[in-house]
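Convention: sequence-line order gives letters A, B, ...; per-chain numbering from 1.
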Amino acid sequence: MTISIHDFFKKKKKRKAQAHTSEKLDIPGNLWVRCYRCGTTIYSKDLETALKVCPKCNYHFRLSASERISFTVDEGTFEEINPHIKSTDFLSFVDSKPYAKRLKDAEMKSGLPEVIVTGEGKINGWSVAVGAMDFSFMGGSMGSAVGEKVTRLFEHALHRKIPAIIFSSSGGARMQEGIMSLMQMAKTSSALGRLRENCIPYICVLTDPTTGGTTASFAMLGDIHIAEPNALIGFAGPRVIEQTIRQKLPAGFQRSEYLEEHGMVDIVSPRKDLKKVLTNILSFFDFKGE
Amino acid sequence: MELDYKSLLPFEKPIAELYKKIEDLQKMARHGKINLEEETKLIQKRIQKTRRELFAELTPLQTVQVARHMGRPTTLDYIGQIFEGFVELRGDRNFSNDPAMICGIGKLDDLSCVVVGHQKGKNTKENIARNFGMAQPEGYRKALRVMRVADRFGKPIISFVDTPGAYPGIGAEERGQAEAIAKNLRAMAELHVPFITIITGEGGSGGALGIGMGNKVMMLEFSIYSVISPEGCASILFRDATKASLAAEAMKITAKDLLKLGVIDEIIKEPIGGAHQDTKLTAQNIKKAILTNLKPLMHMTSRELIADRYNKFRKMGIFENG
Ligand SMILES: [Zn+2]
């Protein structure tokens, strides 16, 4: 979700960020992948072993929801909940193509029915309610289905008395659902109020990118905030800010390390340490579930 | 009657032409050629009629123009008309006072209320001072602080929403604009007191929702409420900011549409030609709506109020399952 009062977006610049997904960088045959940042060619098996972090420059490739879950949750322990909740084109919204078509295309492209996969699993033995967002599905945008799945995940955590973790990756609210996407911010945040009231821990893992309505709701309301290195995290997108204030943005602006410096995240954790950090945190909370 | 062309919007051109006619008549009358009074009356009748017709069928983008009208009454205008003994409460007790957000206490007839609302200006100078009604994180944190005063002392909260959006700036990001709004959302769901929101002008995205989670949410007839500005949506989805009209239609941002979607509870009537034609009458309509809606809420326990608000927002969303 971006805010605009003026005519902010006159020039359409192709954003480099769109090329962040590893998929686009694959060389035919899928055996070798080129690092987006440093250009090093990496054998894809090696990249996989390195949890999709460039061994040369430490660039953290964006993960799909299934990669995230397989890198984080103990093998064979993940059980998905609410897999059938999907978006629907209730406004008959048409921009350059109909929303209904956009949803179908997103499903084809990502292999997922929606942006977020939610479920219960174990992290080094600790039961957690876990959600992983996938940026390749319509930029990880939050519409009614995402809001509902997130809310139900929190309700699941509350019911099972286990901590909740969400790996966020989202450009914000889904404009094709109009105001209803905005209402998801209210819905998910209210559900978090209940978790809080009942002293159920909630851990946010902010990954690249997390912006807009997602940041301004459930992604910023954790008891603990972890960010992956160099992830873009913010409310307004950098372009909107630049066009509003007509100034260059400071180096590293809205990146994880910058947010850590300004007190918005607890830890910036490299992906290779993430499971260990999560385990320490879960061990601290010591919730065994019911 | 004052002939004010400046306040007329582009789509009000037929009205401008009628005003022009009156002006011409006045000139002619100086040469003593016509019965000015009678002719003027006739034209004024036509102005009223034209206005009524135009405003009965505004397009979404025309509604946006009315909602953003420079002369549209602001939160402070309404506070002045609706509340007695208003005392403004400033500052977030942490960083600064945000002039784009007005908070305070006052009496609604006999009832003590807490008031929060975005504040726009009515000219460029005022707008710069008020940052065009775009609040910083401090604004949201101040609103929360003052809403918590209401919560502690069992007073109802009335919020007035009128903002293009939360401010997108370097400082705002550094000080956690997203965190401030998110925290307000969670906190508003937990308020123990009656809470009413009125969208009076622009309900711009998260910046609007950041003070907008009332048990009852109402909109002035020509206000808008939207996840992104039509211009923003147009340039992102339609790749062309001039397609704002299409975006405004597609997103469903008018009071009528939002009532249909169940996102708001009531539409508050505006004078013909928009709120800026008659601040007093608009304020009266708002006050009536507040009192009517507050009444049943005042009889609810804090538990019931929280449940009412929770269920209201919990239900929001349209999706498939299965
Ligand atoms: Zn690299």
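If you measure heavy-atom distances from A/F218 to chain B, you find no contacts under 4.5 Å at all. Heavy atoms of A/A191 lying under 4.5 Å from chain B belong to its backbone as well as its side chain. Of the atoms belonging to A/Q247, it is side-chain heavy atoms, and not backbone ones, that fall under 4.5 Å from chain B.
The pair B/R141-B/E179 meets the salt-bridge criterion, since a charged nitrogen lies less than 4.0 angstrom from a carboxylate oxygen. Between B/E190 and A/R196, no side-chain nitrogen of the basic residue sits less than 4.0 Å from a carboxylate oxygen of the acidic one, so the salt-bridge criterion is not met. Salt bridge status for A/R102 with A/E177: absent, with no side-chain N to carboxylate O gap under 4.0 Å.
Using a 3.5 Å distance cut-off with no hydrogens or angles, the side chains of A/E228 and A/T207 do not pair a donor with an acceptor. B/T197 and B/S159 share a donor-acceptor pair across their side chains, judged by distance under 3.5 Å alone. Donor-acceptor pairing under 3.5 Å is lacking for the side chains of B/Y140 and B/Q177. With 3.5 Å as the limit, one finds a donor-acceptor pair spanning the side chains of B/D151 and B/H192. Side-chain contact annotation: A/R174 with A/S87, donor-acceptor N/O pair under 3.5 Å present.
Heavy-atom pairs under 4.5 Å with chain A peak, among B/R186, B/R175, B/M251, at B/R186. Between chain B and the residues A/Q184, A/E114, A/M180, the most heavy-atom pairs under 4.5 angstrom are made by A/M180.
With sequence neighbours excluded, no residue satisfies salt bridge (Lys or Arg N to Asp or Glu O under 4.0 Å) with B/R309. Partners of B/D265 according to the salt bridge (Lys or Arg N to Asp or Glu O under 4.0 Å) rule, which considers only residues two or more places apart in sequence or in another chain, are B/K312.
Near-neighbour residues of residues 141-154 of chain A relative to chain B, defined by a heavy atom under 4.5 Å from a heavy atom of that chain, comprise A/S144, A/A145, A/E148, A/T151, A/R152. Heavy-atom proximity under 4.5 angstrom to chain B picks out A/F90, A/L91, A/F93, A/V94, A/D95, A/S96 from residues 89-97 of chain A.
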